[in-house]
Amino acid sequence: SSLLGRSVPPRASWADAPALSCGRVQPRTTGSMYQRWQMAALVVVRLALAMASDQTLGAPVELGAWVRQETSVRVHDPDASSWASEGRALASRQMTLTVALRVDPDKRQQLERLFYEVSDPGHEKYGRFLTMDEVTALLDVPQERAAEVSRYFTSFGATKVTTAPNRDMLTVALPVASAEAALNTTIHVFAHRGRPATRVLRASGPYALPARIAAEVSMVGGLLQFP
């Protein structure tokens with residue numbers, strides 16, 4: 001056998017190795033250092049597997065439990081859908097998701113009211129459309145909200161996260177494996193039954209976000225809805 005490239009006599013133990021490197025063979029120590037190394041390595045492997053299992057099966061502890069999203073939207077039904085699953089997508093395949101950030105209800109209602117006012121010929125505000133900066137100020141989505149959700153997807157391997165000018169939406173580019181891990185779901189390739197050459201990537205079932213992130217997100221587009 002060999003230790004770091006040095007020839008070691010078969011009967012020598014790991015405890016003898018330092019002395020052998022200097023050309024001296026000392027008596028074997030009581031007990032087997034090799035067995036101790038084996039036990040220590042086994043403990044490390046078991047701890048690593050336990051940690052990996054926790055990360056795979058549960059949401060990041062500091063972010064809370066998984067919360068299912070878009071509960072009112074039906075997941076893919078192979079018997080009723082025009083789209084048929086061709087199986088799970090390659091883990092390395094890139095996909096793009098649109099993450100709609102939460103807008104405070106009062107801000108959303110105010111924006112909707114202004115939309116109807118500027119569209120009503122009989123209203124005094126007719127035609128007085130808001131600028132992009134005015135819409136951003138009205139929605140008032142906190143910068144930290146966009147930043148926190150962006151950090152979340154980046155931590156799972158997103159290659160690019162773009163924040164919309166109004167800070168109410170993120171465009172996230174990431175590998176399929178990253179999307180599956182971040183959203184606790186599986187991504188399949190779906191082909192249109194009438195146009196087999198047309199394919200899209202979608203979740204094969206529900207998706208979820210950790211409670212802390214779910215509180216900042218309205219929905220993730222490009223997962224459940226089909227064209």
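Basis for what follows: all heavy atoms, side chains included, without hydrogens, waters or symmetry-related copies.
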**Asked** Donor-acceptor pair, Arg145 side chain versus Arg102 backbone, under 3.5 Å?
**Response** yes
**Request:** Please answer: with hydrophobic residues joined when any side-chain heavy atoms are less than 4.5 Å apart, are Leu183 and Val189 in the same cluster?
**Result:** yes
**Asked** Centres of the His192 and Phe226 rings: under 6.0 Å?
**Response** no
**Message:** Does either side chain, that of Thr171 or that of Thr98, offer a donor lying less than 3.5 Å from an acceptor on the other one?
**Reply:** no
**Message:** Test your reading of the model: is there a side-chain donor-acceptor pair from His76 to the backbone of Trp83, 3.5 Å cut-off?
**Reply:** yes
**Request:** Answer yes if Met169 and Val220 sit in the same cluster of Ile, Leu, Val, Met, Phe, Trp and Tyr residues linked by side chain heavy atoms under 4.5 Å apart, and no otherwise.
**Result:** no
**Message:** For Glu180 and Arg88: C-alpha separation, side-chain torsions, deciding distance, then whether side-chain contact (heavy atoms from CB on, under 4.5 Å) applies.
**Reply:** CA-CA 11 Å; Glu180 292 183 331; Arg88 198 162 181 175; 3.0 Å; yes
**Prompt:** Any side-chain donor-acceptor pair under 3.5 Å between Glu216 and Tyr152?
**Reply:** no
**Residue pair Val103, Val141: steps toward the side-chain contact (heavy atoms from CB on, under 4.5 Å) verdict** = CA-CA 6 Å; Val103 176; Val141 177; 4.1 Å; yes
**Item:** Flag, side chain of Tyr207 to backbone of Ala179, donor-acceptor distance under 3.5 Å
**Value:** no
**Prompt:** Rounded to the nearest 0.5 Å, what separation is found between the CZ atom of Phe153 and the OG atom of Ser178?
**Reply:** 10.5 Å
**Asked** Can you tell me how far the CG atom of Leu201 sits from the OG1 atom of Thr96, to the nearest 0.5 Å?
**Response** 9.5 Å
**Asked** Taking a hydrophobic cluster as the set of Ile, Leu, Val, Met, Phe, Trp and Tyr residues connected by side-chain heavy atoms closer than 4.5 Å, whether directly or through intermediates, do Val67 and Phe156 fall within one such cluster?
**Response** no
**Message:** Determine whether Val217 and Val99 satisfy the following criterion, side-chain contact (heavy atoms from CB on, under 4.5 Å), listing intermediate values before the conclusion.
**Reply:** CA-CA 7 Å; Val217 173; Val99 182; 3.9 Å; yes
**Complete:** Heavy-atom nearest pair, Val161 first then Ser150, reads CG1-OG, 3.4 Å
**Request:** Verify the cluster assignment for Val200 and Leu223: are they in a single hydrophobic cluster under the rule of side-chain heavy atoms below 4.5 Å apart?
**Result:** no
**Shortest non-hydrogen contact between Gly205 and Val75, atoms and distance** = C-CG1, 3.7 Å
**Asked** Is Asp77 reaching over with its side chain to a backbone N or O of Asp79, donor-acceptor style, under 3.5 angstrom?
**Response** yes
**Message:** Could you report the tightest heavy-atom contact between Pro78 and Arg193, atom names first, then the distance?
**Reply:** O-NH2, 2.8 Å
**Evaluation steps, salt bridge (Lys or Arg N to Asp or Glu O under 4.0 Å), between Arg167 and Glu144** = CA-CA 10 Å; Arg167 298 197 304 271; Glu144 179 54 29; over 6 Å; no
**Asked** What distance separates Thr185 OG1 from Gln69 CD, expressed to the nearest 0.5 Å?
**Response** 11.5 Å
**Asked** Taking a hydrophobic cluster as the set of Ile, Leu, Val, Met, Phe, Trp and Tyr residues connected by side-chain heavy atoms closer than 4.5 Å, whether directly or through intermediates, do Val73 and Ile187 fall within one such cluster?
**Response** yes
